[in-house]
Amino acid sequence: MTNEKQTQNQNVDQYIDENKLIAQRRTKLKMLREKGNAFPNSFRRDSYAQDLQEKLSDKSKEELVELKHFAKVAGRIMARRGPFLVMQDMTGRIQTYIDRKKLPKDLVQDIDTWDIGDIIGVEGPIHKSGKGDLYIMMQSVVLLTKSLRPLPEKFHGLTDTEKRYRQRYVDLIMNAESRKVFAMRTQIIQYLREFLLARSFVEVETPMMQVIPGGATARPFETHHNALDIPLYMRVAPELYLKRLVVGGVERVFEINRNFRNEGLSTHHNPEFTMVEFYQAYADYHDLMDLTEEMLRGICNEVLSTTSIQYGDDTYDFSKPFARMTVKESILHFNPKLTEADLDNFGNAKIVAENLGIPTKESYGLGKIQIEIFEKTVEGKLKDPTFITAYPTEVSPLARRNDENPFVTDRFEFFVGGHELANGFSELNDPEDQAERFEAQVAEKDAGDDEAMHYDEDYIHALEYGMPPTAGEGVGIDRLVMLFTNSHTIRDVILFPHMKPYPGVGELSSKGIKAVK
RNA sequence: GGGUCGUUAGCUCAGCUGGUAGAGCACCGGGCUUUUAACCCGAUGGUCAUAGGUUCGAAUCCUAUACGACCCA
């Protein structure tokens, strides 16, 4: 024993450049290697912690003794409590009891060297403690993976926001709340997918790298294809490809995937974010508003089991029909001093905008000014689920004009909690109108708006073959998940959100790529 | 882009008007062994984000930088 300790100390000296706690664990790993396979992969579990808790918690101490329910469970050691080890697997936690008198002496000695964070496999019958908690009466146990880095303190866990995002693996080990958010994200996406599949929508994948970035007004990321020696753009939206598929006869089509926009980071913006976009032929924007209501209410009922959504201090009722009003109606509603005449006349609207402190550009038409007024005075106030319709044609280059009033389009955006969650419209399927709209976008681009769209000749070509009357919509998944998980920053619903790298991190060194300390 | 705040042990945090670094948990040693943030005794652990400056003396005051959080545009 004393000899062993001396060896340990010598080994610690070898790792003096490292944290002492890590050095100690490295020494333990070294001893494991000397004994044999330090990373065995022969243990097979037959039970999960949560299943055992659900199945057996009702049984009494005596019933469990009689039942002799044997289980093999694997997981990470999260705490030691007296003679118990608390283990955590992907479903939950269960403890295992170390009977020091009955287990072989050398095994007990080994167990005493194990650390919180180590991964073990345990086998034995399920019993219940005097205080009513299930435990596995350890009959055999094996250390499967030695953990070299100490975990955060068990009570407070990892709260440092920066570390939670940069080292999500530690966050997921420590914070059940974080695990729950991402589990719900998965369930919400799965619900959306099944909802659309059940209605005969076909899931497809369209290019993430595009020669002409289109489908949204946003600045793209640029990259380069070496073999072809051409610039390529990460897509800002899949829209134009999905509509090409509608031309091709895929009359109900959807894609759940990432979009990339070269813009700032904020609590509501990540440079890559997930959208579901879907297109339905022989439908209009009213049909999609109905579909959206059904879909969101479905998530409430099936995933959350409630239609009363708690978000911060507010509660939103998803059981009632969602409010619907036009852009103009909403501006007048939230600006009772304004009149229709203030919004319908370019000169008047410009004065209203300037009084609100909105900087206007030469190129802005009436429609753009109306939208600026809307964003400044209305958007943040749309707390309860609301559809805003009749967006100006000027700011809707891919949407169908309204039959009665060509100044606006048959378009809606959907808002909850003051944030836009979805955008949909009856699609513009008139190729000549679409060509003119592209030309207007190109003019704006030439005037210096680097978010304006390119002219996509092939898309016009496709429309010239004939696209059936169609309605389409995109829903921002990240913001949807934020809403339904009561998360107030997008970084809480993206597993690996973009963070500014530390200087030098990512540079190749002799030891490989530098990691965050 | 602007403003405010933050960065101290592996983690969570104290550290007063400048006087030489603290706690809890974790870890290590010992005790106890059906515990529930297990408990009891003892020990170890720090480039106080980084670089300058002021000072006899800086975690503390000043400047710059890095990263983060929040608010505003």
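Only this structure's heavy atoms are used, side chains among them; waters, hydrogens and symmetry mates stay out. Just so we're on the same page: letters track the sequence lines, and every chain starts at 1.
Applying the side-chain hydrogen bond (donor to acceptor under 3.5 Å, both in side chains) test to every pair with at least one member in residues 124-133 of chain A, sequence neighbours left out, gives no pairs at all. Among pairs with a residue in residues 327-350 of chain A, those fulfilling salt bridge (charged side-chain N to carboxylate O under 4.0 Å, His left out) read A:Lys328-A:Glu340, A:Lys328-A:Asp344, at least two apart in sequence or across chains.
Residue contacts shown for A:Gly264 are absent, as no nucleic acid heavy atom lies under 4.0 Å away. Within 4.0 Å of A:Arg491, counting heavy atoms only, lie sugar-phosphate atoms of the nucleic acid but no base atom.
Rounding to whole angstrom units, CE of residue A:Met174 and P of B:rG10 are separated by 16 Å. One can place CD1 of A:Ile22 at 14 Å from P of B:rC28, the figure rounded to the nearest angstrom. Distance CD1 (A:Ile490) to P (B:rA69): 13 Å, rounded to an integer number of Å. As rounded to whole Å, 14 Å separates atom C1' of B:rC11 from atom CG of A:Asp171. Between the CD atom of A:Gln88 and the C1' atom of B:rU36 there is a distance of 16 Å, rounded to whole Å.
Distances from the side chain of A:Met499 to the nucleotides B:rG45, B:rC11, B:rG68 place B:rG68 closest. Of all nucleotides listed (B:rA69, B:rU12, B:rU35), B:rA69 comes nearest to the side chain of A:Tyr165. Closest to the side chain of A:Gln95, out of B:rU35, B:rC11, B:rC27, is B:rU35.
The two atoms that bring A:Arg149 and A:Ser147 nearest to each other are O-OG, 3.3 Å, heavy atoms only.
Remark: A:Glu372 does not engage A:Lys376 in a salt bridge, criterion side-chain N to carboxylate O under 4.0 Å. Between A:Glu272 and A:Arg258 there is a salt bridge, since a side-chain N of the basic residue sits under 4.0 Å from a carboxylate O of the acidic one. Salt bridge present: A:Asp112 and A:Arg100 bring a charged side-chain N and a carboxylate O closer than 4.0 Å. Looking at A:Arg185 and A:Asp478, a side-chain N of the basic residue comes within less than 4.0 Å of a carboxylate O on the acidic one, giving a salt bridge.
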* To do: Please lay out, stage by stage, how A:Thr489 and A:Tyr165 fare under the test side chain to side chain contact (heavy atoms under 4.5 Å, CB included).
  => CA-CA 11 Å; A:Thr489 157; A:Tyr165 301 143; 3.7 Å; yes
Report each atom pair, protein N/O against N/O of nucleotides 32-34 of chain B, whose distance is under 3.5 angstrom.
from   : atom 1 : to       : atom 2 : distance (Å)
B:rU33 : O2     : A:Pro83  : N      : 3.3
B:rU34 : N3     : A:Tyr135 : OH     : 2.9
B:rU34 : O4     : A:Tyr135 : OH     : 2.9

Any protein N or O atoms within reach of nucleotides 23-26 of chain B? Criterion: under 3.5 Å, listing atom names and distances.
from   : atom 1 : to       : atom 2 : distance (Å)
B:rC25 : O3'    : A:Lys154 : NZ     : 3.3
B:rA26 : OP1    : A:Lys154 : NZ     : 2.9

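Taken to the nearest 0.5 Å, the CG atom of A:Leu103 stands 11.5 Å off from the CG atom of A:Asp110.
Scanning for ring-ring contact (aromatic ring centres under 6.0 Å, His included) contacts around A:Tyr391 gives an empty result, with sequence neighbours left out.
Comparing the same atom, C1', in B:rU8 and in B:rU20 gives a spacing of 15 Å after rounding to whole Å.
Across all strands shown, B:rG18 has no partner, as no Watson-Crick or G-U wobble contact with both distances under 3.5 Å is found. B:rA23 and B:rU12 make up a base pair, with Watson-Crick or G-U wobble contacts both under 3.5 Å. Using Watson-Crick or G-U wobble geometry with both donor-acceptor distances under 3.5 Å, B:rC48 finds no partner in any strand shown. Remark: B:rA69 base-pairs with B:rU4. Criterion, Watson-Crick or G-U wobble with two distances under 3.5 Å. Nucleotide B:rG42 forms a Watson-Crick or G-U wobble pair with B:rC28, both donor-acceptor distances falling under 3.5 Å. Shown here, B:rG57 forms no base pair; nothing in the strands shown gives a Watson-Crick or G-U wobble contact with both key distances under 3.5 Å. Of all nucleotides present, none satisfies the Watson-Crick or G-U wobble test against B:rU34 with each distance under 3.5 Å.
Only at 4.0 angstrom or more do the heavy atoms of residues 358-382 of chain A sit from any atom of RNA chain B, so none qualifies.
For a distance-only test at 3.5 Å, the side chain of A:Glu162 fails to qualify as a donor-acceptor partner of the base of B:rU7.
Residue-to-nucleotide proximity on RNA chain B shows that, of A:Pro152 and A:Thr161, the 5′-proximal contact is made by A:Pro152. Both A:Thr159 and A:Ala79 lie close to RNA chain B; mapped to their nearest nucleotides by heavy-atom distance, the more 5′-ward contact belongs to A:Thr159.
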